[in-house]
Visitor: 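Handing you a structure now.
So that the names make sense, note that chain A is the first sequence line, chain B the second, and so on, each numbered from 1. Keep in mind it's a predicted model, so treat the numbers as computed, not measured.
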Amino acid sequence: NAGVTQTPKFRILKIGQSMTLQCTQDMNHNYMYWYRQDPGMGLKLIYYSVGAGITDKGEVPNGYNVSRSTTEDFPLRLELAAPSQTSVYFCASSSHDGNPYEQYFGPGTRLTVT
Amino acid sequence: DQQVKQNSPSLSVQEGRISILNCDYTNSMFDYFLWYKKYPAEGPTFLISISSIKDKNEDGRFTVFLNKSAKHLSLHIVPSQPGDSAVYFCAASGAGGTSYGKLTFGQGTILTVHP
């Protein structure tokens, strides 16, 4: 049981490039989330999903897109990367059967945009 | 607008003593509160939670206290151990509806427990 896995661990992008951050969970959780953490700040919700085919915006969605075609996967797409998107990105999941607030986090992807 | 605030960026405590981490919130619609713990290069892990219908929840060495009138919660760790050294995040959520499962996090407090 790997929990929540994220790839890549690190990435450097040039301004204007695009990339997809991958997230997979093997706990059969319905809920999945993407957060970003800037230095000295808390985690901010980018997008979330309550099930396959259903996604919605969080607090800071601009510059990002998501899709949820399966229960397991919740990729985050960055289009036209900007220096303001330099951050650590965390994917998380939680169960609709148990406590949805008890979220399980992946190890994070550290992204630098230069 | 920071709805969840942890005003102490860091806290240093001697092993065996009590650690008290504080958190304030402004949104009166929040009714479920959690603490997460984060080690470097890892994702946060859930530690303990409390519903707004309670004022205290205990789990081993960890106790969370909620003061709704003051919009304040605190995490007590007794006794503190060096392995508790980490960043602690306070988080809050509203009940059901569109906020179901969505969390608002504080900025975090770095706890250092000295042997």
Visitor: So, for A:F90 and B:E42, which heavy atoms are closest and what is the spacing to 0.1 Å?
Guide: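 Where A:F90 meets B:E42 most closely, the heavy atoms are CE2-O, 3.8 Å.
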
Visitor: Would you mind checking which part of A:Y104 comes under 4.5 Å of any heavy atom in chain B, side chain (CB onward), backbone (N, CA, C, O), both or neither?
Guide: neither

Visitor: Is it the case that one hydrophobic cluster holds both A:M32 and A:L21, taking links as side-chain heavy atoms less than 4.5 Å apart, direct or via other members?
Guide: yes

Visitor: Treat each ILVMFWY residue as a node, draw an edge where side-chain heavy atoms are under 4.5 Å apart, and state whether A:V66 and A:L111 are in one component.
Guide: yes

Visitor: Is the number of heavy atoms from other residues, nucleotides or ligands under 6.0 Å of B:K68 NZ greater than 12?
Guide: yes

Visitor: Let's test your reading of the structure: which of A:Q37, A:K9, A:R110 forms the most heavy-atom pairs below 4.5 Å with chain B?
Guide: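 Going by pairs under 4.5 Å, I would pick A:Q37.
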
Visitor: Are any non-hydrogen side-chain atoms of B:Y36 and A:L43 less than 4.5 angstrom apart?
Guide: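 Of all side-chain heavy-atom pairs linking A:L43 with B:Y36, none is under 4.5 Å.
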
Visitor: May I ask you to check whether over 12 heavy atoms, not counting those of A:R77, lie within 6.0 Å of atom CZ?
Guide: yes

Visitor: State plainly whether one hydrophobic cluster holds both A:V60 and A:Y35, where clusters connect Ile, Leu, Val, Met, Phe, Trp and Tyr through side-chain heavy atoms under 4.5 angstrom apart.
Guide: no

Visitor: In Å, rounded to the nearest 0.5 Å, how long is the span from CD of A:E102 to CG of B:L103?
Guide: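 Reported value, rounded in 0.5 Å steps: 11.0 Å.
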
Visitor: Enter the distance from B:F89:CZ to A:M41:CE here, rounded to the nearest 0.5 Å.
Guide: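 One gets 10.5 Å once the value is rounded to the nearest 0.5 Å.
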
Visitor: If you count heavy-atom pairs within less than 4.5 Å of chain A, which of B:G106, B:S49, B:G108 leads?
Guide: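 If we count pairs closer than 4.5 Å to chain A, B:G106 comes out on top.
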
Visitor: With rounding to the nearest 0.5 angstrom, report the CZ to CZ distance, A:F105 to B:F46.
Guide: 11.5 Å

Visitor: At a heavy-atom separation under 4.5 Å, does B:T45 approach chain A through its side chain, its backbone, both, or neither?
Guide: neither

Visitor: Report yes or no: do B:F33 and B:F65 belong to one cluster of Ile/Leu/Val/Met/Phe/Trp/Tyr joined by side chain heavy-atom distances under 4.5 Å?
Guide: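 Result: no, two separate clusters.
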
Visitor: Within the supplied structure, the quantity of interest is the number of heavy atoms (other residues, nucleotides, ligands) at a distance under 6.0 Å from A:I12 CD1; does it exceed 12?
Guide: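 Atom CD1 in A:I12 is not crowded, with 12 or fewer foreign heavy atoms closer than 6.0 Å.
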
